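Have a look at this one.
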Amino acid sequence: MLEELTYEQLPDSLKDIADAIGLQPLKNLVKLAGGSTIYIPNEKNLIKPVRDKIIRKSFNGDYKSLSKKFNMSEVQIRNIIKSSTT
């Protein structure tokens, strides 16, 4: 019966999600996780590994310039660089 569900029949609380990902992907999500509580990370947390990879690749010995570029402390930059060597 889920296949017969139309956009107009969705509760208002799900229409924003359907607008963002499409009706069929929403139906797939309902099949996969319907009735359960799921955590969707915010963008900042999701892209952290990508950011850290870019920082490591850009590192040329100058912690200060990277800290300014990424709006992070030098300690944070040092920890990211250090974590790639451990």
Side-chain angles (χ1 to χ4, degrees):
M1 283 192 238
L2 186 59
E3 290 304 317
E4 302 298 320
L5 182 70
T6 65
Y7 178 85
E8 291 75 25
Q9 295 169 318
L10 287 175
D12 288 340
S13 61
L14 293 178
K15 286 184 178 177
D16 286 343
I17 297 172
D19 291 341
I21 68 173
L23 182 58
Q24 189 57 51
L26 174 63
K27 291 177 183 182
N28 294 342
L29 183 60
V30 167
K31 288 179 186 177
L32 176 70
S36 62
T37 302
I38 61 172
Y39 169 74
I40 299 173
N42 64 33
E43 183 178 354
K44 183 179 176 181
N45 287 332
L46 191 60
I47 64 167
K48 187 177 175 184
V50 175
R51 180 207 65 198
D52 292 355
K53 182 178 179 182
I54 293 169
I55 288 171
R56 288 184 197 105
K57 188 175 180 181
S58 303
F59 181 63
N60 64 359
D62 186 358
Y63 296 100
K64 190 172 197 164
S65 67
L66 284 178
S67 72
K68 287 181 181 180
K69 180 178 179 180
F70 290 93
N71 195 29
M72 299 171 72
S73 71
E74 286 186 49
V75 171
Q76 289 173 298
I77 298 294
R78 287 178 188 277
N79 287 337
I80 291 168
I81 301 299
K82 182 181 174 185
S83 70
S84 70
T85 60
T86 56

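Worth knowing before you read on, the calculation uses all heavy atoms, side chains too, and leaves out hydrogens, waters and symmetry mates. Everything numeric in this text was worked out from a predicted model, so none of it was measured.
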**Item:** Which atom of Pro41 lies closest to which atom of Leu46, heavy atoms considered
**Value:**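 In this case the closest contact between Pro41 and Leu46 is CG-CD1, 4.1 Å.
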**Prompt:** For atom NZ of Lys48, is the number of surrounding heavy atoms from other residues, nucleotides or ligands below 6.0 Å larger than 12?
**Reply:**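 It does not: Lys48 NZ has 12 such atoms or fewer within range.
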**Asked** Would you say Asn71 has more than 12 foreign heavy atoms packed within less than 6.0 Å of its CG?
**Response** no
**Prompt:** More than 12 non-hydrogen atoms from neighbouring residues, nucleotides or ligands closer than 6.0 Å to CD on Gln9, yes or no?
**Reply:** yes
**Asked** Atom CG of Asp52 and atom CG of Asn79: how far apart are they, to the nearest 0.5 Å?
**Response** 10.5 Å
**Message:** So, taking the atom named CZ in Arg56 and the one named CZ in Arg51, what distance separates them when rounded to the nearest 0.5 Å?
**Reply:** 9.0 Å
**Asked** For the hydrophobic clusters of this structure (ILVMFWY residues joined by side-chain heavy atoms under 4.5 Å, transitively), does one cluster hold both Ile54 and Ile47?
**Response**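 Ile54 and Ile47: separate clusters.
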**Asked** Does Val50 belong to the same Ile/Leu/Val/Met/Phe/Trp/Tyr cluster as Leu66, with side-chain heavy atoms less than 4.5 Å apart forming each link?
**Response** yes
**Interatomic spacing from CD1 in Ile80 to CZ in Phe59 - rounded to 0.5 Å** =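 The distance works out to 11.5 Å.
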**Prompt:** Looking only at heavy atoms, what is the nearest atom pair of Ser73 and Ser67, with distance?
**Reply:** C-CB, 3.8 Å
**Request:** May I have the step-by-step check of side chain to side chain contact (heavy atoms under 4.5 Å, CB included) for Leu23 and Leu10, ending in yes or no?
**Result:** CA-CA 9 Å; Leu23 182 58; Leu10 287 175; 3.8 Å; yes
Side chains of residues 27-35: which donor-acceptor pairs under 3.5 Å do they make with residues two or more places apart or in other chains?
unit_1: Lys27; atom_1: NZ; unit_2: Leu2; atom_2: O; d: 3.4
unit_1: Lys27; atom_1: NZ; unit_2: Glu3; atom_2: O; d: 3.1
unit_1: Lys27; atom_1: NZ; unit_2: Leu5; atom_2: O; d: 2.9
unit_1: Asn28; atom_1: OD1; unit_2: Gln24; atom_2: NE2; d: 3.2
unit_1: Lys31; atom_1: NZ; unit_2: Glu3; atom_2: OE2; d: 3.1

**Asked** What are the two closest heavy atoms between Glu8 and Lys15, and how far apart are they?
**Response**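 Shortest heavy-atom separation between Glu8 and Lys15 comes out as O-NZ, 3.9 Å.
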**Item:** Residue pair Arg78, Glu74: steps toward the side chain to side chain contact (heavy atoms under 4.5 Å, CB included) verdict
**Value:** CA-CA 6 Å; Arg78 287 178 188 277; Glu74 286 186 49; 4.1 Å; yes
